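First comes the structure, then the notes that go with it.
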There are 2 protein chains.
Amino acid sequence: MASESRKPFLPLDPMSFTKESKAVIDFIADYYKNIEEYPVQSRVEPGYLSASLPESAPYCPESLEDILKDVNDCIIPGLTHWQSPNFFAYFHANASTAGFLGEMLCSGFNVVGFNWISSPAATELESIVLDWMGKMLKLPSSFLFSETGGGVLHGSTCEAAVCTLAAARDKALKELDGNWENITKLVVYALDQTHFTFQKAAKLVGIPPSNFRIVETSFSTGFSISPEKARFAIEADIRSGLVPLFLCATIGTTPSGAVDPIAELGKVAREYKLWLHIDAAYAGSACICPELRHYLDGVELANSISMNPHKWFLINMDCCCLWIKEPKLLVDSLSTDPEILRNNASKFKAVVDYKDWQVVLSRRFRALKLWIVIRRHGLANLMHHIRSDIGMAKRFEAFVAKDDRFEIVVPRKFALVCFRLKPKKEAEGTELNCKLLDAINSSGRAFMTHAIVGRIYVIRCAIGTTLTEEHHVDALWKLIQEKAQNLLME
Amino acid sequence: MASESRKPFLPLDPMSFTKESKAVIDFIADYYKNIEEYPVQSRVEPGYLSASLPESAPYCPESLEDILKDVNDCIIPGLTHWQSPNFFAYFHANASTAGFLGEMLCSGFNVVGFNWISSPAATELESIVLDWMGKMLKLPSSFLFSETGGGVLHGSTCEAAVCTLAAARDKALKELDGNWENITKLVVYALDQTHFTFQKAAKLVGIPPSNFRIVETSFSTGFSISPEKARFAIEADIRSGLVPLFLCATIGTTPSGAVDPIAELGKVAREYKLWLHIDAAYAGSACICPELRHYLDGVELANSISMNPHKWFLINMDCCCLWIKEPKLLVDSLSTDPEILRNNASKFKAVVDYKDWQVVLSRRFRALKLWIVIRRHGLANLMHHIRSDIGMAKRFEAFVAKDDRFEIVVPRKFALVCFRLKPKKEAEGTELNCKLLDAINSSGRAFMTHAIVGRIYVIRCAIGTTLTEEHHVDALWKLIQEKAQNLLME
């Protein structure tokens with residue numbers, strides 16, 4: 001050992017930690033300053049990076065300068081710039097200074113809070129902040145720790161879906177005489193606008209793919225699920241000897257931002273004893289504004305609800321809130337009690353052990369960033385953030401509505417506008433708008449994506465990156481008009 | 001809008017980003033400087049934090065100073081200090097400056113690389129770094145992208161377990177005429193020292209809990225799985241009409257650091273067509289050293305292997321490498337093809353879309369930290385890091401061996417030492433060592449945890465936090481002797 005330790009190897013020395021970390025802070029700040037100079041969607045070709053990097057790891061250390069030079073020369077060109085104010089694709093992933101500070105503290109402390117004892121603050125702050133968040137959304141207190149419910153931070157909606165589906169599955173199997181063979185009888189219901197992650201999650205937990213019912217939506221219901229259709233599907237399954245298990249309703253669907261009628265679906269779920277989960281991944285954040293809270297009406301009938309603050313709530317990736325009315329069901333399904341983690345606090349059930357509320361054992365201290373974002377901005381500014389984005393979406397919607405060449409395809413509810421260039425013949429609609437979208441994106445000046453709703457190809461303009469201001473929306477509209485003009489002249 | 005926008009709300013302004021981030025860097029550096037002053041295991045009581053924080057979120061913004069004061073006064077006392085050099089519990093979670101820099105860049109760019117097109121650099125760097133890592137471990141090229149295999153970064157072993165189990169399950173169900181009812185016939189094998197996460201994962205993917213076979217280990221096999229016992233269990237299941245599916249072998253078990261005989265188990269798995277997964281979560285990192293690589297002998301017979309660089313490879317949480325020989329099986333099981341994500345690169349199969357290799361859709365750019373840690377240190381220093389920890393573990397082991405009052409219970413292979421204070425009567429062993437462990441941990445000067453191996457309660461001394469030096473190990477031994485002396489005098 002003596003000979004090897006001659007070279008000092010100090011991978012966490014506070015002096016160099018400070019110096020190198022501050023150099024990276026400056027690098028990131030420069031990135032934000034220059035972000036509008038990059039094409040929003042990366043223009044690299046598949047396989048571009050392997051030409052720039054060696055085939056295997058270096059034997060000797062390299063300098064931070066060399067690494068940052070490569071980040072600049074090789075990585076940044078291959079990024080699609082999700083933080084660009086001209087990013088209007090998918091749903092945005094809001095970064096913020098406060099969210100970043102929370103991530104730094106999380107990574108700096110680097111504790112692993114799988115159970116209470118392994119870092120009590122990680123568990124307790126998470127429970128407290130989930131109650132804060134639940135109160136901001138005016139969730140019924142039955143979802144909060146202050147009563148008999150509770151919340152947990154997952155990384156993504158899919159993890160929340162897997163966990164709630166597993167809890168619902170195991171509850172049902174227990175009620176069906178504990179016979180695991182009944183797993184093939186369980187049926188999950190969603191609509192064609194439900195996030196595909198629920199279909200993946202249902203298959204993951206062992207529900208036969210043929211037992212995943214996709215209820216079709218249409219213009220007539222504003223692309224939300226119709227309670228009658230859901231009831232019809234459920235009754236057909238019961239007649240076939242199947243067991244309806246789980247119904248997923250959405251606040252702000254990914255394709256069009258539609259909202260399912262929670263209260264009516266809740267009645268259907270109660271009637272047939274289905275687990276009702278509400279996926280508010282995107283639009284949940286908006287429901288902190290009193291004027292938008294009505295979209296959550298009926299949530300008291302749900303068993304669980306999830307939303308992603310990493311989308312629209314200024315929280316850096318990743319962060320998904322899941323609340324559940326009966327955490328016991330989650331714990332019954334997911335708990336493990338290995339000798340190696342036994343401790344008195346857990347034994348006497350005095351504490352929450354979050355490992356039993358999620359898929360994974362290891363967990364980051366995500367609550368820090370949610371706590372810091374909420375405190376640093378306060379409810380007032382968080383509402384302002386949502387309203388400002390919705391205001392910009394209204395402005396964009398008005399631009400589209402005023403131009404006869406275009407049409408709004410789905411009525412806007414939040415900050416997502418689904419529109420298209422009107423085709424001369426309906427059959428040409430997809431090709432025309434595909435071309436338009438491609439022209440816009442390949443300009444590098446903006447990035448949007450598409451969806452198909454009611455068989456119509458629409459361009460989605462999702463407004464809401466942290467840096468987007470009114471003039472970016474105005475420039476986007478000019479760009480769209482310019483590219484549309486070119487297309488129509490062809 | 002006009003009235004609301006009077007107050008400037010700039011949650012990602014580069015100026016304040018820089019200023020506030022640097023303040024937090026200084027805060028974290030101070031934390032590292034002072035880390036030895038805190039009791040390693042938190043001493044708070046359940047519910048401690050709710051007394052210090054308000055019941056609901058603030059309406060108005062608060063200053064960073066106030067927030068950092070609360071982190072200092074309310075959060076730090078509730079942390080168990082995983083980065084303390086006196087942390088010898090569970091397995092360590094190595095933070096490092098380089099890992100932190102990677103986390104900062106990941107959080108700063110805040111891209112979501114669910115498919116190639118959404119940020120090509122995120123996907124390509126991950127594939128390249130997984131090949132680097134695979135080569136460092138001298139994995140057969142059949143696990144690398146450079147041939148027909150490939151790797152992916154998950155957050156944790158449990159996610160890797162869920163995904164490989166789902167892939168194995170779906171392959172088997174397809175071979176069994178595609179009838180989903182056969183899910184109740186599938187059997188998973190592990191040993192009593194296998195990480196409990198595999199049992200959780202098997203249940204999660206719908207394998208009946210009664211079909212999870214736990215093969216008992218004993219002193220005679222060094223607490224590793226015996227191929228004969230595995231074969232016996234498999235044949236009994238076949239006779240009962242069940243279908244052996246999956247066998248998990250471990251390199252460095254959690255209780256004792258045992259290593260299963262991979263080559264022999266591989267032969268059994270081949271013979272009965274089981275999916276062999278190797279869980280090298282802890283000790284995989286050590287196998288970059290040529291003198292330890294032999295523990296991986298036989299890996300060519302496995303279908304998949306996972307290891308956690310966030311444990312012992314200087315990577316801040318969270319990071320789990322999973323390699324698989326036939327990525328197609330993972331994709332067949334986990335892929336989704338929603339309209340909203342369709343793009344030409346994916347359509348023509350020219351690229352990897354990592355959303356189809358994992359549970360979740362949203363994913364952080366974790367490859368950055370792995371890439372930066374490897375480059376910043378180089379293979380040379382990374383091997384030094386492992387060898388230095390093993391050297392310290394040998395030193396500790398020698399202390400224990402020299403003291404007649406103590407015994408080493410399991411032969412040490414890596415940097416985990418399982419020992420105990422010898423009881424006068426065997427029946428008193430658990431209580432005596434429980435008391436000893438409690439006395440050590442409640443001193444605040446060190447933190448270890450326990451395990452039960454071969455029905456014996458052992459104290460686990462896991463050496464390997466980034467900041468641990470020889471003098472910390474020496475002080476730990478003195479502390480143990482002092483507390484043992486007190487106990488024996490009682």
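Everything numeric here is computed off the predicted structure, so don't read it as measured data.
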Self-check item: Check: B/Ser107/A/Asn316 side-chain N/O donor and acceptor closer than 3.5 Å
Solution: yes
Quiz item: Can A/Arg363 and B/Asp318 be counted as an ion pair, charged N to O under 4.0 angstrom?
Solution: no
So which part of [X] gets closer than 4.5 Å to some heavy atom of chain A, the side chain, the backbone, both or neither?
X        : value
B/Ser63  : backbone
B/Ile67  : both
B/Ala166 : side chain
B/Lys135 : side chain
B/Val71  : both
B/Phe365 : side chain
B/Ile183 : side chain

Quiz item: So among A/Glu103, A/Gln83, A/His310, which one has a side-chain contact (heavy atoms from CB on, under 4.5 Å) with B/Asn110?
Solution: A/Gln83
Self-check item: salt bridge (Lys or Arg N to Asp or Glu O under 4.0 Å) partners for B/Glu62, two or more places apart
Solution: A/Arg375
Practice problem: Sequence neighbours left out, what passes salt bridge (Lys or Arg N to Asp or Glu O under 4.0 Å) with A/Asp66? Give chain and number order. | Solution: none
Quiz prompt | B/Tyr32 side-chain N/O to A/Gly108 backbone N/O, donor-acceptor pair under 3.5 Å | solution = yes
Quiz prompt | Test of ring centre spacing under 6.0 Å for A/His377 and B/Phe9 | solution = yes
Quiz item: Can you tell which of B/Ile374, B/Leu79, B/Val162 has the highest number of heavy-atom pairs within less than 4.5 Å of chain A?
Solution: B/Leu79
Exercise. Heavy atoms only, distances under 4.5 angstrom: which of B/Ala350, B/Ala95, B/Ser156, B/Ala451 has the most pairs with chain A? Name it, please.
Key: B/Ala95
